[in-house]
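Comments concern the structure below.
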Amino acid sequence: MNPDFDLYQLSEEHEYLRQSVRELCEDKIEPHAADVDENSRFPQEARDELTKAGFQAVHIPEQYDGAGADSIAACIVIEEVARVCMSSSLIPAVNKLGSMPIILSGSEELKQKVLPSIASGESMISYGLSEREAGSDAAAMKTRAVRDGDTYVLNGTKAWITNSGHSDWYTVMASTDPEKRANGISAFVVHKDDEGFEVGAKEKKMGIKGSPTCELHFTNCVIPADRMIGEEDTGFKTALKTLDHTRPTIGIQAVGVAQGALDVAVSYIKDRKQFRSAISDFQGVQWMVADMAMKIEAARQMCYIAAARAERGEPNLGFISSAAKCLASDTAMEVTTNAVQLLGGAGYTRDFPVERMMRDAKITQIYEGTNQIQRVVMARSILGR
Ligand code: COS
């Protein structure tokens, strides 16, 4: 056996990165997590600290002034931030989601225009696909983009857009040829100062309360034609290809919050005494934490594999990226619910973070495609449809 053989393990750099991000999260982000949730306020401290340390968008390639970190490194950052504050983890996660369409399909000029400001942390970028009547059926979108000389004019409304109002840039999918449905959709980059663009009211949500979710309104919004990402009518494919790369990041975010809840529960059950012994001495409790840890680890490995396969540019990523997101988010919901159970009455109060984690975990089963849609994608891949 060769002890130097790195068979199926993360690199030392990845582990070193995890340690650095964890320290920063515990020192600078976790102390604000409860207040961010309680007051539904943007985690500005997290944005500042992540930016200072260069962790707000590690995936931006070096040629656009980024760190050029691989997809597993990007996962580790999101996982560790989510372990202490889900709302804050949406800063690196949505920076990746919003910029992947440009990285995958944008022109060199567009990349040069947008990506360096994300890399430096000066700007954030959001992703606008969903509409009120086009959620799971994303191709049913009504937002229109009509060519007018060397501009496009956008009209319509996008819904549930994460980090809206705090982002400077928005990747927006709009129909350029409604007859062609999915194959008549184009992707654009919109700037917050573009004429005719407006961010709507903030949604009142169950969880991830620190991450603003708003509508985007386009009223004769004029943008230069060179802000289109790739060719006309290719935007839906770019949007789905993007999700192949980013669903593993939602999976790992779910792993992070689940791990955070397990860590709180483990420390609590070792301390909590009932029937004259720590409740961690009871086998029923031990089996609960064993199951929680087992499922978290399975989900974590699947997310890293999905992320690595996306990074390698493998084809047919639909199955693995949907499976990773689905397994991890179902795990997070189960684990955070059980963490509340292990803390009993205390877990149901805001004296402990597990009730927040349980509320925050729920969204991972919904956004970037509901877990029902993930199963559609998996089934299509298995059945070859
Ligand atoms: N990458 C690139 N292209 C893809 C793709 C992928 N992963 N998956 C499908 N496509 C292509 C298809 O090949 C098809 O192109 P052709 O007509 O040239 O063959 C086109 O995209 C449309 O695909 P399809 O017909 O499968 O589209 P549907 O309308 O049936 O939708 C689902 C497919 C349901 C999978 C898609 O709408 C979806 O993922 N919905 C959920 C959206 C979502 O995640 N929303 C959350 C918003 S982000 S927070």
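Start at 1 and go down the list; that is how both ligands and their atoms are numbered. The structure presented is a predicted model; accordingly, all values stated were derived computationally and were not measured. Heavy atoms only: backbone and side chains are in, while hydrogens, waters and symmetry mates are out.
By the definition of a contact as any protein heavy atom under 4.0 Å away, atom 25 (O) of ligand 1 is not in contact. Within a 4.0 Å radius of atom 5 (C) of ligand 1, the protein contributes one or more non-hydrogen atoms. Shown here, atom 48 (S) of ligand 1 is in close reach of the protein: a heavy atom of it lies under 4.0 Å off. Within a 4.0 Å radius of atom 17 (O) of ligand 1, the protein contributes one or more non-hydrogen atoms.
Polar contact with ligand 1: present for Arg247 (N/O pair, distance under 3.5 Å). At under 3.5 Å, not a single nitrogen or oxygen of Tyr367, backbone or side chain, sits near a nitrogen or oxygen of ligand 1. Residue Gly369 has at least one N or O atom closer than 3.5 Å to an N or O atom of ligand 1. The shortest N or O to N or O distance between Asn183 and ligand 1 is below 3.5 Å. At a 3.5 angstrom cut-off on N or O pairs, Asp137 does not count as close to ligand 1.
With respect to Arg83 and Glu30, no salt bridge is recorded, no charged nitrogen being found less than 4.0 Å from a carboxylate O. Using a cutoff of 4.0 Å between basic side-chain nitrogens and carboxylate oxygens, Arg350 and Glu355 are scored as salt-bridged. Ion pair Arg18/Glu79 flagged as a salt bridge, since at least one NZ, NE, NH1 or NH2 atom sits closer than 4.0 Å to an Asp/Glu carboxylate oxygen. A salt bridge is absent between Arg247 and Glu368: the closest approach of a Lys/Arg side-chain nitrogen to an acidic carboxylate oxygen does not fall below 4.0 angstrom. Between Arg227 and Asp194 there is a salt bridge, with a side-chain nitrogen of the basic residue lying less than 4.0 Å from a carboxylate oxygen of the acidic one. The pair Arg312-Asp70 does not count as a salt bridge, with every side-chain nitrogen at least 4.0 angstrom from each carboxylate oxygen.
Here the heavy atom of the protein found nearest to atom 41 (C) of ligand 1 is Ser136 O, 3.4 Å. Protein heavy atom at the shortest distance from atom 29 (O) of ligand 1 is Ala139 CB, 3.9 Å. In this structure, the protein non-hydrogen atom closest to atom 32 (C) of ligand 1 is Arg380 NH1, 4.5 Å. Atom 36 (C) of ligand 1 has its closest protein heavy atom at Leu240 CD2, 4.0 Å. Looking at atom 12 (C) of ligand 1, its nearest protein heavy atom turns out to be Lys237 CE, 4.6 Å.
Ligand 1 lies out of reach of Trp160, whose nearest heavy atom is not under 4.0 Å from it. The closest approach between a heavy atom of Gly135 and any atom of ligand 1 is below 4.0 Å.
Side-chain atoms of Arg359 come within 3.5 Å of backbone N or O of Met206 as a donor-acceptor pair. For Thr246 (side chain) and Thr249 (main-chain N/O), no donor-acceptor pair under 3.5 Å exists by modelled atom type. The backbone N or O of Pro116 lies less than 3.5 Å from no partner atom in the side chain of Asp65, so there is not a single donor-acceptor pair.
Each of the atoms 35 (C) of ligand 1 lies under 4.0 Å from some heavy atom of Val377. Near Ala182, the atoms of ligand 1 lying under 4.0 angstrom from a non-hydrogen atom of the residue are 22 (C). Those atoms of ligand 1 that come under 4.0 Å of a heavy atom in Lys241, given as number and element, are 1 (N). Close approach of ligand 1 to Ser130 (heavy-atom distance below 4.0 Å) involves ligand atoms 47 (C). For ligand 1, the atoms closer than 4.0 angstrom to any heavy atom of Asp244 are 1 (N), 6 (C), 7 (N). The distance from ligand 1 to the heavy atoms of Phe236 drops below 4.0 Å at these ligand atoms: 22 (C), 27 (O), 37 (O).
Across every non-hydrogen atom of Asp233 and Asn183, the tightest pair is CB-O, 3.2 Å.
When only modelled atom types and interatomic distance are considered, Gln341 and Tyr348 share no side-chain donor-acceptor pair under 3.5 Å. Lys325 and Asn371 share a donor-acceptor pair across their side chains, judged by distance under 3.5 Å alone.
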Could you go step by step and tell me if Phe197 and Tyr170 meet the ring-ring contact (aromatic ring centres under 6.0 Å, His included) rule? CA-CA 10 Å; Phe197 172 76; Tyr170 296 83; 5.0 Å; yes
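Partner of Glu215 under the salt bridge (Lys or Arg N to Asp or Glu O under 4.0 Å) criterion, out of Lys158, Lys202, Arg132: Arg132 alone.
When heavy-atom distances to ligand 1 are checked against a 4.0 Å cut-off, Leu317 has no atom that comes that close, whether in backbone or side chain.
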